[in-house]
There are 2 protein chains.
Amino acid sequence: MDPCTTCVVRNRAICSALDLNEVAALGKMGRHHRLVPGQTLIWEGEDSLLVANVIEGVLKLSTSLSDGREQIVGVVYPSDFIGRPFGARAQHNVTALTEAHVCTFSGGDFDRFAQEHPQLEHKLLERTLAELDRTRRWLLLLGRMTASEKLATFLLDMSERLVRPDCSSNGPINAFDLPFGRQQIADILGLTIETVSRRLNDFKAEGIIGVPSRRRIEILDREALAGIASSGSVR
Amino acid sequence: MDPCTTCVVRNRAICSALDLNEVAALGKMGRHHRLVPGQTLIWEGEDSLLVANVIEGVLKLSTSLSDGREQIVGVVYPSDFIGRPFGARAQHNVTALTEAHVCTFSGGDFDRFAQEHPQLEHKLLERTLAELDRTRRWLLLLGRMTASEKLATFLLDMSERLVRPDCSSNGPINAFDLPFGRQQIADILGLTIETVSRRLNDFKAEGIIGVPSRRRIEILDREALAGIASSGSVR
DNA sequence: AGCAGTCTTTGATACGGGTCAATAATGTAG
DNA sequence: CTACATTATTGACCCGTATCAAAGACTGCT
């Protein structure tokens, strides 16, 4: 039977642009994959082209310099799209942070299918434009913010994005588990693990956040965080 | 008469996806604008939605923090597309760096036209994907590179991009005029103007580059620059 | 429970790049 | 050509974050 009809991200992934017949046709070209934490799906520079939908889990996109310095350039969640359609080689690694479940397509198959289904391309375009906006905001963070501003911005950003999985309430939440360890937070913010640890403990000492366990964050004073996050990013 | 038929970027801009009739229809919705250096076409946060093609000149995309710190998040050249189709508000300022000539469309008009012309959306998608890749590479630069590495990477990048205007030869060139002052270079690289000045003079003292006038750069030792750009180790 | 390995925190110190200030070069108007 | 504004360079100093090192906390395994 066609697994797409029961797919949990059917209505949120780019597949939502397709009707039942179309989604079945796309589904035939797809392959399901389970990934364990730390497993890499796509390597920077490889040209075996692969695209995918994330069904479950969290993955990071990262690049690095030859001496090992690493920068995380994106984080993807269920219903997000992974990979680079239309023939360019992969620009970054894609690695699972948690157990993950993805639905992969060979690049060529997907490209052909997309070109025949403009609504699908349209969905993909909207997503890509949104992701570009988000990435450009991150340039401001990396280029111009201090460590405290970076961390405050990061925590607020997480409190907004991490609601999605269950889709229960929308709007930010005040307590959540990060899918990242300290090193990964550092790689997202362009800092060292030590600085992340120190600034996080500063926030804790000031009563702005609580850190009941390694990966859990409670936002106790959202206003204060927002104040630190920017000497006010001009909205 | 329809000005699009004689447009200098007709074959390079997204319009190249359209046939003569289509481009004429799009042309009817467009307005030509001349911009002087420093003039801002779109302001961060405004929702008067406007998109445009660059016909001539160079423009910067920038965001800033309330205390004046600024980050340039993109630079656009002739034939590039500007703006955010499909209803999100403008995320950054768009300002002319040189005299510029653009062809603008109201967001709504363009959105409608695009949805009816999948080849146009496809071109736009390819461009947006490429721009996202480029922007993500910049995250690595801002987050993880030293001042010298940033500057070396920047100069190499410029030597590749600045060929375009005349389209004479492809491949990098070794002498060019930057469309930026020192402050703007600093805002691109997440540095201060003083650091840009110092590192540039270091390169000059080592014979890696020549700086015959304020905005002119000559790459004298491309290998050395490339060595610095990818992970520091000089010589 | 006890141990090993990993991840995180904490402390001491160093250094790159920022800040502040002064000077120099370049551009522009009269 | 001179005067003034703008932009860039240079110097001295300092601060924030990186680096290096060690101790502590958590996790999983037997």
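A, B, ... follow the sequence lines: proteins, then strands. Residue 1 opens every chain.
In this structure, R215(B) reaches neither bases nor backbone, as no heavy-atom distance under 4.0 Å exists between it and the strands shown. R144(B) comes within 4.0 angstrom of no nucleic acid atom, judged by non-hydrogen atoms across all strands. The residue T146(A) sits close only to the backbone: its heavy atoms come under 4.0 Å of sugar-phosphate atoms, none of a base.
Of all heavy-atom pairs spanning R136(A) and H92(B), the tightest one is NH1-NE2, 3.5 Å. Across every non-hydrogen atom of V76(B) and D80(B), the tightest pair is CA-OD2, 3.6 Å.
Here dT8(C) presents its C1' atom at 19 Å from CZ of R216(A), a figure rounded to the nearest Å. Between the CZ atom of R198(B) and the P atom of dG18(C) there is a distance of 9 Å, rounded to whole Å. Protein atom CZ of R69(B) is 18 Å distant from nucleotide atom P of dG17(C), rounded to whole Å.
To the nearest 0.5 Å, atoms CD (Q71(A)) and CG (L65(A)) are separated by 9.5 Å.
Across the interface with DNA chain C, nearest-nucleotide mapping of T195(A) and V196(B) shows T195(A) to be the residue nearer the 5′ end.
Within residues 176-191 of chain A, the residues approaching DNA chain C are G181(A), R182(A), Q183(A), by heavy-atom distance under 4.0 Å.
Looking at R144(A) and D187(B), a side-chain N of the basic residue comes within less than 4.0 Å of a carboxylate O on the acidic one, giving a salt bridge.
Considering N174(A), I208(A), I173(A) as possible partners of I219(A), the one that fulfils the side chain to side chain contact (heavy atoms under 4.5 Å, CB included) test is N174(A).
In this structure, F110(B) has its ring center closer than 6.0 angstrom to the ring center of F81(B). Ring pair H101(B)/H33(B): centre-to-centre distance not below 6.0 Å.
In 5' to 3' order, the nucleotides of DNA chain D bounding all contacts with chain B (an atom under 4.0 Å from a heavy atom) are dT7(D) to dA12(D).
Side-chain N/O atoms of S197(A) include none lying less than 4.0 angstrom from OP1 or OP2 on dT8(C).
The local environment of CZ in R216(B) is crowded, with over 12 non-hydrogen atoms from other residues, nucleotides or ligands closer than 6.0 Å.
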